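A short write-up of the structure that comes next.
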Amino acid sequence: RSVYDGEEHGRFMEKLEARIRNHDREIEKMCNFHYQGFVDSITELLKVRGEAQKLKNQVTDTNRKLQNEGKELIIAMEELKQCRLQQRNISATVDKLTLCLPVLEMYSKLREQMKSKRHYPALKTLEHLEHTYLPQVSHYRFCKIMVDNIPKLREEIKEVSMSDLKDFLESIRKHSDKIGETAMKQAQQQRNLDNIVSQHPRISGGKKSKKEVCASSDLEVKNTSPMSEQDSGILDVEDEDEDEEVPGAQDLVDFSPVYRCLHIYSVLDARETFENYYRKQRRKQARLVLQPPSNMHETLDGYRKYFNQIVGFFVVEDHILHTTQGLVNRAYIDELWEMALSKTIAALRTHSSYCSDPSLVLDLKNLIVLFADTLQGYGFPVNQLFDMLLEIQDQYSETLLKKWSGVFRNILDSDNYSPIPVTNEEVYKKIVGQFPFQDAELEKQPFPKKFPFSEFVPKVYNQIKEFIYACLKFSEDLHLSSTEVDDMIRKSTNLLLTRTLSNCLQNVIKRKNVGLTELVQIIINTTHLEKSCKFLEEFITNITNVLPETLHTTKLYGTTTFKDARHAAEEEIYTNLNQKIDQFLQLADYDWMAMEPGSKASDYLVDLIGFLRSTFAVFTHLPGDVDVHSTMSGKVAQTACMSACKHLSTSLMQLLLEAEVRQLTLGALQQFNLDVEECER
């Protein structure tokens, strides 16, 4: 800057030029000093270039030769490289196939199981495939397709297994009749066996052994059913001979569809859905089963089929309860049983009320007892059924009373109301065997002789005994005490005596055109029947083993019944006599203005006295023992005579005092006096 700023520029340039020339001289000196070395170096370098060219040519030649020689090696190496690559690919492929093949095999196995309807094993295979095999090869496209298909397959298994269950439920519904029939046969066999072993109606050991038998058959079914290959539903069972053992109710049914479906839904985490569906369907079936046919009351088979279906339903449910864990529980079963019990009892009350045949009612009672015993053997409470049987017992008594009303009517209508004649000892003993009658006087008499009573006495007595037997039949197997049975029989017998027999006797006594002889014979007959009441008491005591002295024992009202009938017959005799007297009095034709009386009593009065004389002769000539003749007939005759005389005197007085008779002559009065004197005489 000082150079440019000052005025010494020219001088500076001069100095600089001088400096350059000094340097050039130094360079030239140095170059001159080294020039020979430089020339030598160049010469040597030129020599090296020639040698290098030779070396280059040799290297090129060697390289060419090496290239020519190495071509084959390169080809071989390329081949080796390719081979190694293939080998590596093959090895990798084998490894991948080793992973994929089990997946494909499992999928193939799954399809095969689905095709052969082995749904539970198919589900297990599906689980294995999903959780074990597919995760190892999940990046392959076919695996993704499989993964997408798994929910569809699960749904398909669910639908198919549910279809199997529906088939099973339908089959069970159709065959519950057969299942129930078999279970009731088993119960009947067990009861027969109990009766053979002991005279008691029931023993607990029998029920226990039955449950053990059921449990063992349950175990067999449980062990085999979940993996069973075929859904056979109801197994075919040929009819057994009576000597052969009846197959267990569970032996008739293949429960494997239920077990399989339950396992499948459990594995699919849909057990609750399955349980709800099963219970809902069975509830519907229960309602169908409990709906009785409208004509059930017509035949015993109608009731039997109804009971078989109910028993079959609950046998199946009991088996399901004991062989599955939680598919049904005790609360559900108890709820169903409560519903069934109420509906069954209501149906039986309704339909049994239509029944008028006592033998059908008795058969129905035996069927209900067997029904109750069968279900009691499976642990169901049946006390309400036995309570209802006591209601049916009242109805049974009513049907018996109606039947015996007809029997008594036929006996009374067909009777000849004449003492029974006996011609030999055999006939005598036969009648005494039929009716408790003892009379030393009659026994001493030679044959032929007559019993004091007519045929209806032993017939009625025997029919009362038959009625008592019929009542006793109903009380069997009702688990009643002897006292209860005795009380039941006595009450029914009292109804028979006081209502049925009493009405029949009253109808005979009150019917038109009943003869005086018949009425007297009825009085004699009822007297003997009255005496036989103590033998009926003894008869009931013998069959029930309850003494009449026992507290609260009902007494028979037979004595009252026969006394009432006898009094009615006596009253009818008095009424008939008075009516006859009135008929004769209607013939009386007094001339109240007659001047002279007749020479004898009026004709109508003579006829009336003749009638009365012949009538009382009937009483005095009655056959029979002395007691009956003297006490009963004599008393009736005396009372009848008093009644007739009183009625005649009153009627004669009324004739005299009639309003139409306005004036009398002495002759008329004398004639009337003749008639009164005839009566006195």
Side-chain angles (χ1 to χ4, degrees), residues 176-192 195 201-202 289-315 337 339-378 380-407 466-480 484-485 488-489 491-493 495-496:
S176 60
D177 186 14
K178 179 69 177 172
I179 298 165
E181 182 185 353
T182 306
M184 288 177 77
K185 276 184 183 175
Q186 270 189 323
Q188 183 68 57
Q189 280 189 348
Q190 187 63 49
R191 196 162 73 175
N192 293 342
N195 289 337
R202 304 276 309 191
V289 163
L290 293 168
Q291 191 67 36
S294 57
N295 61 343
M296 181 171 79
H297 59 275
E298 293 176 2
T299 62
L300 192 65
D301 283 339
Y303 289 106
R304 185 177 285 113
K305 189 172 181 183
Y306 180 62
F307 288 143
N308 286 345
Q309 288 180 336
I310 296 172
V311 170
F313 178 90
F314 282 100
V315 166
W337 175 239
M339 177 183 77
L341 205 54
S342 61
K343 286 185 178 290
T344 304
I345 288 172
L348 288 174
R349 278 183 182 139
T350 303
H351 285 269
S352 62
S353 64
Y354 300 139
C355 185
S356 57
D357 180 7
S359 60
L360 181 57
V361 178
L362 184 63
D363 289 340
L364 173 60
K365 165 252 163 183
N366 291 330
L367 197 59
I368 294 171
V369 169
L370 180 58
F371 170 70
D373 285 352
T374 304
L375 287 166
Q376 193 173 35
Y378 286 92
F380 294 99
V382 293
N383 291 337
Q384 289 184 47
L385 284 170
F386 284 105
D387 293 342
M388 187 210 56
L389 278 172
L390 296 179
E391 296 176 24
I392 292 182
Q393 191 270 331
D394 294 336
Q395 183 198 333
Y396 176 68
S397 293
E398 286 300 319
T399 57
L400 284 182
L401 292 172
K402 284 180 185 176
K403 179 181 176 181
W404 256 261
S405 176
V407 170
E466 287 296 322
F467 178 87
I468 292 169
Y469 274 128
C471 291
L472 181 67
K473 279 183 185 176
F474 194 92
S475 67
E476 291 171 357
D477 299 318
L478 290 187
H479 312 302
L480 298 173
E484 288 172 317
V485 172
M488 188 178 82
I489 290 174
K491 283 179 178 175
S492 297
T493 308
L495 281 174
L496 179 78

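Residues: numbered from 1 along the sequence shown. Fair warning: this is a prediction, and the values are worked out from it, not measured in the lab.
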Next item on the list: Mind running side-chain contact (heavy atoms from CB on, under 4.5 Å) on L290 and F313 for me, showing each step along the way?
Entry: CA-CA 10 Å; L290 293 168; F313 178 90; over 6 Å; no

Nearest heavy-atom pair of [X] and [Y]: which atoms, and what distance?
X    : Y    : value
L472 : S475 : O-OG, 2.7 Å
F467 : W404 : N-CZ2, 3.5 Å
L389 : F474 : O-CE2, 3.4 Å
S492 : Q393 : OG-NE2, 3.6 Å
A347 : Y306 : CB-OH, 3.7 Å
M488 : L480 : SD-CD1, 4.4 Å

Item checked: L367 and M184: CA distance, side-chain angles, deciding distance, side-chain contact (heavy atoms from CB on, under 4.5 Å) verdict -> CA-CA 9 Å; L367 197 59; M184 288 177 77; 4.2 Å; yes

Which distance, rounded to the nearest 0.5 Å, do you find between the [atom1] of [X] and the [atom2] of [Y]?
X    : Y    : atom1 : atom2 : value
L341 : Q384 : CG    : CD    : 4.5 Å
I392 : E398 : CD1   : CD    : 14.0 Å
I468 : L496 : CD1   : CG    : 8.0 Å
S359 : K473 : OG    : NZ    : 9.5 Å
D363 : D357 : CG    : CG    : 8.5 Å
L375 : I310 : CG    : CD1   : 8.5 Å

Next item on the list: Evaluate the side-chain hydrogen bond (donor to acceptor under 3.5 Å, both in side chains) criterion for residues T299 and D301: first the C-alpha distance (whole Å), next the side-chain angles of each, then the deciding distance (0.1 Å), finally the verdict.
Entry: CA-CA 5 Å; T299 62; D301 283 339; 5.3 Å; no

Check: Hey, is K185 close enough to E181 for a salt bridge, meaning N to O under 4.0 Å?
Finding: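 Yes, this pair counts.
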
Next item on the list: Would you check if the distance from the ring center of F314 to the ring center of Y378 is below 6.0 Å?
Entry: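 Not close enough - the centres of the two rings lie 6.0 Å or further apart.
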
Checklist line | Geometric class of the W337/F380 ring pair [parallel <30°, tilted 30-60°, perpendicular >60°] | finding: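 F380 vs W337 ring planes: tilted.
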
Notebook entry, point to check: Side chains of T182 and Q186: is there a donor and an acceptor less than 3.5 Å apart?
Noted result: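 The answer is no; no qualifying pair exists.
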
Has [X] got a side-chain atom pairing as donor or acceptor with [Y]'s backbone, closer than 3.5 angstrom?
X    : Y    : value
Y303 : I368 : no
T374 : L370 : yes
K365 : E476 : yes

Next item on the list: Quick one: do F371 and V382 satisfy side-chain contact (heavy atoms from CB on, under 4.5 Å)? Show the steps, please.
Entry: CA-CA 9 Å; F371 170 70; V382 293; over 6 Å; no

Next item on the list: For T399 and Q395, run side-chain hydrogen bond (donor to acceptor under 3.5 Å, both in side chains): C-alpha distance rounded to whole Å, both residues' side-chain angles, the deciding distance at 0.1 Å, then the answer.
Entry: CA-CA 6 Å; T399 57; Q395 183 198 333; over 6 Å; no

Check: Are V311 and I179 close enough, and set up right, to give a side-chain contact (heavy atoms from CB on, under 4.5 Å), and what steps lead you there?
Finding: CA-CA 8 Å; V311 170; I179 298 165; over 6 Å; no

Check: Do C471 and L400 come within less than 4.5 Å of each other through their side chains, counting heavy atoms only?
Finding: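 Side chain of C471 against side chain of L400, heavy atoms only: contact under 4.5 Å found.
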
